[in-house]
Amino acid sequence: MLLTSVALGVIVICTGAVWARRSLVVVSVQGTSMEPAVVDGDRVLVRRRRLRRVKVGDIVVLEPPPDGPYRSAAEAGPDGRVWNVKRVAALPGDPLPPGVPAEPGTGTKPGTGTKPGTGTKPGTGTKPGRHTEPGTDAEPGKQTESGGGRVGPGTFAVLGDNLADSIDSRHRGPYPAEQLMGVVVRRLSTR
């Protein structure tokens, strides 16, 4: 009886350890884009999640695009990949947040408020009859010239809490669900 109880306890502990290793990840934060919620040097505990289990307002860890005009300055982690920490601003079917383009790589230049290669402010120069207000019936994944539109299926929009120092969906557009690692559960330490 005692031997059975000990064996059962060992099995439970081993199963728990395997679950924790597959479900939980510790990530070190580099940069100031999420201040004050998460600061440079923090370590955060992340629970792996699929997009369907994420809510607007969650702080998430996601992989930025490997190329494009807004490459991350962060160092690669032990897995050789770069990860970003941002807050979810919109999920599939939600209105696109202000300044977020429907397509990746068509957002504004960091710190300028202008589209890459144009020198014009987003939403200016609209043609008569082409104006749609944010949150109206624009097609999912489509954005009108003045903004608006909705987040397309299988994608989500993120923003940094420190908007002045964040490369996010305003610059990169919505992220594909495949780039999501998971949701930050808690801060483990600060610098």
Side-chain angles (χ1 to χ4, degrees), residues 22-66 68-74 77 79 81-108 110 113 122 133-144 147-188 190:
R22 288 187 176 177
S23 301
L24 301 171
V25 180
V26 175
V27 174
S28 296
V29 176
Q30 295 178 12
T32 60
S33 71
M34 282 302 293
E35 288 182 352
V38 182
V39 300
D40 187 36
D42 278 356
R43 291 169 28 114
V44 294
L45 183 63
V46 178
R47 176 171 286 151
R48 293 185 190 274
R49 288 275 188 240
R50 294 187 185 260
L51 185 57
R52 69 178 180 266
R53 301 202 51 205
V54 173
K55 300 181 300 258
V56 171
D58 282 347
I59 297 176
V60 296
V61 175
L62 55 110
E63 188 171 25
Y70 308 113
R71 302 240 344 146
S72 177
D79 62 356
R81 296 161 78 181
V82 173
W83 296 99
N84 289 171
V85 179
K86 304 292 179 194
R87 189 175 303 274
V88 176
L91 294 168
D94 290 347
L96 284 165
V100 175
E103 298 295 324
T106 58
T108 59
E133 292 299 322
T136 61
D137 293 331
E139 292 179 47
K142 300 289 182 190
Q143 184 179 35
T144 62
R150 296 199 175 269
V151 177
T155 63
F156 62 107
V158 296
L159 298 172
D161 286 358
N162 181 0
L163 292 175
D165 194 25
S166 180
I167 303 295
D168 48 41
S169 289
R170 295 170 299 151
H171 313 98
R172 294 178 170 151
Y175 285 73
E178 298 79 39
Q179 291 179 258
L180 176 68
M181 174 195 280
V183 176
V184 172
V185 177
R186 67 181 306 236
R187 285 168 60 175
L188 298 176
T190 59

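All residue numbers refer to positions in the sequence shown, counting from 1.
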For a 4.5 angstrom cut-off between non-hydrogen side-chain atoms, does [X] reach [Y]?
{"X": "Leu51", "Y": "Pro92", "result": "yes"}
{"X": "Asp168", "Y": "Leu163", "result": "yes"}
{"X": "Leu62", "Y": "Phe156", "result": "yes"}
{"X": "Met34", "Y": "Val44", "result": "no"}

What's the shortest heavy-atom distance between [X] and [Y], and which atoms?
{"X": "Pro64", "Y": "Arg172", "result": "CB-NH1, 3.4 Å"}
{"X": "Arg43", "Y": "Ser28", "result": "CG-OG, 3.8 Å"}
{"X": "Ala90", "Y": "Pro95", "result": "CB-O, 3.7 Å"}

Counting N and O atoms only, with roles assigned by atom type, does the side chain of Asn162 sit under 3.5 Å from a partner on the main chain of Ser33, one being a donor and the other an acceptor?
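Here the side-chain-to-backbone pair does not exist.
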Closer than 3.5 angstrom, by distance alone: can the side chain of Lys86 be matched with the main-chain N or O of Ile167 as a donor-acceptor pair?
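Yes: the side chain of Lys86 pairs with the backbone of Ile167.
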With respect to Ser169, which candidate in Val151, Val100, Val88 satisfies the side chain to side chain contact (heavy atoms under 4.5 Å, CB included) definition?
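It is Val100, the one option of Val151, Val100, Val88 that forms the side chain to side chain contact (heavy atoms under 4.5 Å, CB included) with Ser169.
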From Arg52 atom CZ to Leu91 atom CG, the distance as rounded to the nearest 0.5 Å:
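Rounded to the nearest 0.5 Å, the CZ-CG separation comes out at 13.5 Å.
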State the CG-OG1 distance between Leu96 and Thr155, to the nearest 0.5 angstrom.
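Rounded to the nearest 0.5 Å, the CG-OG1 separation comes out at 8.0 Å.
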I would like to know whether Arg48 and Val25 meet side chain to side chain contact (heavy atoms under 4.5 Å, CB included); could you show each step before the answer?
CA-CA 8 Å; Arg48 293 185 190 274; Val25 180; 3.4 Å; yes
Residues in side-chain hydrogen bond (donor to acceptor under 3.5 Å, both in side chains) with Asp165, at least two apart?
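Asp165 satisfies side-chain hydrogen bond (donor to acceptor under 3.5 Å, both in side chains) with Thr32 only.
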Checking Asp161 now: which residues fulfil side-chain hydrogen bond (donor to acceptor under 3.5 Å, both in side chains) with it, not counting sequence neighbours?
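By the side-chain hydrogen bond (donor to acceptor under 3.5 Å, both in side chains) rule, Asp161 matches Arg87.
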Sequence neighbours left out, cut at 3.5 Å: what donor-acceptor pairs do the side chains of residues 176-186 make with other protein atoms?
{"from": "Gln179", "atom 1": "NE2", "to": "Glu63", "atom 2": "O", "distance (Å)": "2.4"}

